[in-house]
Amino acid sequence: MDMSGKYFDQWQVGDRITHPIRRTVTETDNLLFSTMTHNPQPLHLDVEAARASEFGQILVNGTFTFALMIGLSVGETTLGTLVANLGYDELVMPAPVFLGDTLRVTSEVVALKESRSRPQAGIVTFRHEALNQRDAVVCRCLRSALVQRRAAGG
């Protein structure tokens, strides 16, 4: 079966991807994610409280923004080749996301490391960035992923 993710030995440090799927964030996205995760923050759920804030409008839940960024990156990075995500580092959200913003994601391979415990896999570290329709970076992180190697002869 063909997979769109790449194997460990297909990556090189410096590889860059502009992911083709973009996503407009809706009120339903923000409301459902906030309530499913039991986050009662009024900035995410209360229009009047949000209007009175420095943002003047509903602020999209930052953990939704992070999860969407990772989700938009999977197709061209680790779909079908991932063993496990090992961790996320240096997570920042330098600009807010509002309802109706359209996000796009870029990824860059910043490190490759052999796995000592799993010779059939290796660790790829990606720098993911989510940008809005105004090209402002709204989320960035490093993701360490344990990724399969190609089978011998593959």
Side-chain angles (χ1 to χ4, degrees), residues 1-39 41 43-45 50 53-115 118 120-150 154:
M1 175 189 324
D2 284 338
M3 297 292 170
S4 54
K6 289 185 177 181
Y7 293 96
F8 175 75
D9 40 328
Q10 293 176 299
W11 289 111
Q12 294 181 12
V13 171
D15 284 350
R16 292 188 53 80
I17 299 166
T18 299
H19 300 283
I21 298 175
R22 299 182 321 172
R23 177 74 150 61
T24 300
V25 179
T26 68
E27 182 178 13
T28 302
D29 295 329
N30 185 60
L31 176 64
L32 288 177
F33 191 88
S34 295
T35 57
M36 284 189 307
T37 57
H38 294 276
N39 184 337
Q41 175 53 253
L43 289 172
H44 304 320
L45 301 171
S53 76
E54 67 180 273
F55 302 105
Q57 60 184 307
I58 291 282
L59 184 64
V60 171
N61 186 317
T63 51
F64 173 80
T65 300
F66 164 68
L68 179 59
M69 176 180 71
I70 298 306
L72 290 173
S73 77
V74 166
E76 296 75 36
T77 58
T78 59
L79 183 63
T81 59
L82 181 73
V83 176
N85 285 313
L86 302 178
Y88 301 90
D89 295 297
E90 299 180 25
L91 175 63
V92 295
M93 297 176 187
V97 175
F98 300 110
L99 302 178
D101 280 354
T102 298
L103 304 186
R104 62 187 173 82
V105 175
T106 64
S107 298
E108 180 180 0
V109 175
V110 296
L112 296 168
K113 182 180 175 187
E114 303 288 330
S115 174
R118 295 187 184 223
Q120 73 280 15
I123 300 166
V124 182
T125 303
F126 298 98
R127 177 181 296 113
H128 299 300
E129 281 191 341
L131 299 96
N132 65 19
Q133 68 277 10
R134 293 175 296 280
D135 294 326
V137 175
V138 297
C139 191
R140 178 187 306 120
C141 79
L142 297 177
R143 172 171 67 125
S144 296
L146 185 62
V147 176
Q148 299 170 21
R149 290 180 180 276
R150 282 186 285 205

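All of these numbers come straight from a predicted model, not from anything done at the bench. All residue numbers refer to positions in the sequence shown, counting from 1.
Within 6.0 Å of atom CG in L86, more than 12 heavy atoms from other residues, nucleotides or ligands are found, so the atom counts as buried in its surroundings. Other residues, nucleotides and ligands contribute at most 12 non-hydrogen atoms within 6.0 Å of the CD atom of E27. Annotation: R127, atom CZ; neighbour count of heavy atoms from other residues, nucleotides and ligands within 6.0 Å does not exceed 12.
Atom CD of Q148 is separated from atom CD of Q10 by 11.0 Å, given to the nearest 0.5 angstrom. If you take CZ on F126 and CD1 on I17, they are separated by 6.5 Å, rounding to the nearest 0.5 Å. Considering CZ of R104 and CG of D135, their distance stands at 4.5 Å, rounded to 0.5 Å. Rounding to the nearest 0.5 Å places CD of E76 at 9.0 Å from CG of L72. Distance check: L131 CG to C139 SG gives 10.5 Å after rounding to the nearest 0.5 Å. Here the straight-line distance linking atom OG1 of T106 with atom CD of E129 works out to 5.0 Å at 0.5 Å rounding.
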#### Entry: Check against side chain to side chain contact (heavy atoms under 4.5 Å, CB included), V147 and T78
CA-CA 7 Å; V147 176; T78 59; 4.1 Å; yes

### Query
Would D101 and V138 count as a side chain to side chain contact (heavy atoms under 4.5 Å, CB included) if you check the C-alpha gap in whole Å, the side-chain angles of each, and the deciding distance to 0.1 Å?
CA-CA 10 Å; D101 280 354; V138 297; 5.6 Å; no

### Message
Run the salt bridge (charged side-chain N to carboxylate O under 4.0 Å, His left out) test on R23 and D29 for me, step by step, so that the C-alpha distance in whole Å, both residues' side-chain angles and the decisive distance to 0.1 Å come before the verdict.
### Response
CA-CA 11 Å; R23 177 74 150 61; D29 295 329; 2.6 Å; yes

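Nearest heavy atom pair, residue T81 against residue G5, reads CG2-O, 3.7 Å. Taking every heavy atom of both residues into account, G75 and S4 meet most closely at O-OG, 2.5 Å. Heavy-atom minimum distance, V109 versus W11: CG2-CE3, 3.3 Å. Shortest non-hydrogen contact noted between C141 and M69 is SG-CE, 3.7 Å. Taking all atoms of both residues into account, the shortest heavy-atom contact from E114 to F8 is OE2-CE2, 3.9 Å.
Of the candidates T24, I58, T28, I58 is the only one forming a side chain to side chain contact (heavy atoms under 4.5 Å, CB included) with L99. The only option from V25, L59, N132 that meets the side chain to side chain contact (heavy atoms under 4.5 Å, CB included) definition with V97 turns out to be V25.
Using a 4.0 Å cut-off between a side-chain N of Lys or Arg and a carboxylate O of Asp or Glu, R150 and D9 qualify as a salt bridge.
Put simply, the side chain of T125 never gets that close to the backbone of S144: no donor and acceptor are under 3.5 Å apart. A donor-acceptor distance shorter than 3.5 angstrom exists from the side chain of S73 to the backbone of I70, with no hydrogens or angles considered. Here the side chain of E108 pairs no donor or acceptor atom with the backbone of V110 at under 3.5 angstrom. N85 contributes no side-chain N or O that, together with a main-chain N or O of R143, makes up a donor-acceptor pair within less than 3.5 Å.
The closest side-chain donor-acceptor pair between N61 and S34 falls under 3.5 angstrom. One side chain, S107 or H19, offers a donor N or O that lies under 3.5 Å from an acceptor on the other.
Taking 4.5 Å as the limit, every side-chain heavy atom of L112 sits out of range of all side-chain heavy atoms of I123. Annotation: side chain of L68 is in contact with side chain of L103 (closest heavy-atom distance under 4.5 Å). In this structure the side chain of V60 never reaches within 4.5 angstrom of the side chain of H44, judged on heavy atoms. In this structure, F33 and T63 have side chains that are in contact, with non-hydrogen atoms separated by less than 4.5 Å.
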